[in-house]
J.: 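Here it is, the structure, as structure tokens.
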Amino acid sequence: MANSNTTTEVAQKASPCVMIIYGASGDLTKRKLLPALMNLQQEGLLSQQFAIIGFSYDQLDTNSFRQKLTEGVKQLSDTPLDETLWKWFLDRIYYVQGDFSDAAAYQRLKDQIATAQKEHNTQGNLFHYLAVAPQFFSLIVRKLGEANLTKETNGNWVRVIVEKPFGHDYESAIQLNKELKEVLGEKQIYRIDHYLGKETVQNVMVFRFANSIIEPLWNRTYIDHVQITAAETVGVEHRGAFYETAGALRDMVPNHLFQLLTLTAMEPPISFDADAVRDKQAEILHAIQMPTPEEVLQNTVRGQYGEGVIDNQRVPAYRSEPNVAPNSNTETFVAMKLKIDNWRWGDVPFYLRTGKRLCHRVTEIAIRFRRTPFTLFRRSPIHDPRTNQLVIHIQPDEGISLRFGAKVPGSVMKLGLVNMDFDYSRDFGTSHSTGYERLLYDCMIGDATLFQRADMVEAAWSVIEPVIDVWKALPARGFPNYASGSWGPKEADDLLERDGRAWRDITSEENGAKCATATSAKTT
Ligand code: BG6
């Protein structure tokens, strides 16, 4: 069924501005930022008064930068480049070469900004995008301050997008916030989490609050527990050096998984205004029960992938990946049980899991409803009427499905499980979004709803701080403990089994395929 009762609104164009991308010669610019900007321009959402300046250490100039981007964008696109559109961009792309610590480079940048402002009449608005390694965040912002490129004067805005990871733990996140705020106001800082650019993540709020039949069921009276899964089939790829210092916990939990958790659990905000939504998300982070060291040991599981088979290909163990120590104890898998101590969720566990080299690439939120009272079925062959489950499929097959029980036709009372499905691409058509469109656009119109506020980042780190501490004090033993192509270590299953529950069987419910077992991991 193709849908179509959609409400249409004419969106406002983004404000005029110069966008400066720090670390512009890196992957993010050609893979995500430019394709997203092109999509925005195609939708008519960029201002004509717009220019881009790439700033990085690589020895390039405006011409060679334009050429490099043209090749990169062409290579990465699966459709032929729209020449007219690309020309529009080429006419407004510039490059400044420099070292992020060199004051003279910021003077050159300032001159280039002035030229671009004049040529494209960008009205003095500056959009700084820090697509750089985290050790440069504070340095660049400090240098921008010294070069007088952060002040908002004459009604012009200056905004800074900071990529993740935002800090390495609670203390370093506080320190980074402090350093940024020595130069910028909180309203100028846009801490990005690309999960919030995903349509289906944004849809969690719409689904919960725009449907009057959902909200009354969304609490501990009806919900037994919630499972949030972000499973990847890829390994660490070329990011071994970074990943060795991060691990799955830091890389995925306080940011992406907590976004899914807070949107699922938050109270209804009074509006979609940035602070109204973020206040409610922050309340959830503060309501999460801080685990004691014993609870960390009991309620968290870490794992590391061994070699195995994914999509019929043999893949190496984590310890054999480039730039990974041969005896590394870095976790590539995390599962944990969290409790939210408030009236809506008291006693409803939230189980989270994420890992690399798992059986399928899937991100989803599964809401398991309570079983029905049993009396009616006592004398029938139905033993466990745990029928209702709502799954919000974040990726790759975006949609929502509601499972319920139905009588299987026949002369005995048999229960069958059936699904009611909403499929994004079928019902709304597919879009070629990179996930960055909305975030870039929102920054240009000054809407920070989908960005992290300082207190949220700090609260998220504070929740996982006890886990970091216990794991550090007791290094993992027995790694690797799951085979690539499995669903992670057996202890992750035990975590739910102890509570009389099980992870949703995504493999057989969605794919009908088989995965390797965790125990087939070989020690390397
Ligand atoms: C990034 C992590 O933030 O998110 C990666 O650093 C991870 O390790 C990625 O692979 C997952 O994002 P997505 O959009 O591919 O699910």
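Counting convention: from 1, in listed order, for ligands and their atoms alike.
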J.: Starting from atom 1 (C) of ligand 1, locate the nearest protein heavy atom and write down its residue, its atom name and how far away it is, to 0.1 Å.
T.: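 Sorting protein heavy atoms by distance from atom 1 (C) of ligand 1 puts H256 NE2, 3.6 Å first.
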J.: With no hydrogens and no angle check, just 3.5 Å: does a side-chain donor-acceptor pair link E321 and Y305?
T.: yes
J.: Between Y195 and ligand 1, find which residue part has any heavy-atom pair under 4.0 Å and reply side chain, backbone, both or neither.
T.: side chain
J.: Drop me the distance from C443's SG to R438's CZ, to the nearest 0.5 angstrom.
T.: 12.5 Å
J.: Backbone or side chain, does any N or O of Y243 fall under 3.5 Å from an N or O of ligand 1?
T.: no
J.: Do the charged groups of D224 and R501 touch, with an N to O distance under 4.0 Å?
T.: yes
J.: Any idea which atoms of ligand 1 are less than 4.0 Å away from a heavy-atom of K356?
T.: 5 (C), 7 (C), 8 (O), 10 (O)
J.: Is it true that the NZ or CZ of K164 lies under 6.0 Å from the centre of F166's six-membered ring and within 45 degrees of the ring axis?
T.: no
J.: If you have a sec, work out which protein heavy atom is nearest atom 8 (O) of ligand 1 and how many Å separate them, to one decimal?
T.: D251 OD2, 2.6 Å
J.: In terms of residue, atom name and distance, what is the protein heavy atom nearest to atom 16 (O) of ligand 1?
T.: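 Minimum-distance protein heavy atom for atom 16 (O) of ligand 1 reads Q395 NE2, 2.7 Å.
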J.: In this structure, which one of K143, K178, E179, Q175 forms a side chain to side chain donor-acceptor pair (under 3.5 Å) with S138?
T.: E179
J.: Any idea which atoms of ligand 1 are less than 4.0 Å away from a heavy-atom of K164?
T.: 1 (C), 2 (C), 3 (O), 6 (O)
J.: Can you check whether E232 has an N/O within less than 3.5 Å of an N/O in ligand 1?
T.: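 Between E232 and ligand 1 (N or O atoms, distance only) the closest approach is under 3.5 Å.
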J.: Could you work out, for atom 12 (O) of ligand 1, the closest of M252, K198, H194 by heavy-atom distance?
T.: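 Answer by nearest heavy atom: H194.
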J.: Could you walk me through whether Y441 and L46 pass side-chain contact (heavy atoms from CB on, under 4.5 Å), step by step?
T.: CA-CA 8 Å; Y441 173 75; L46 285 186; over 6 Å; no
J.: Less than 6.0 Å separating the ring centroids of Y95 and F55?
T.: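 Distance test on ring centres: not under 6.0 Å, no.
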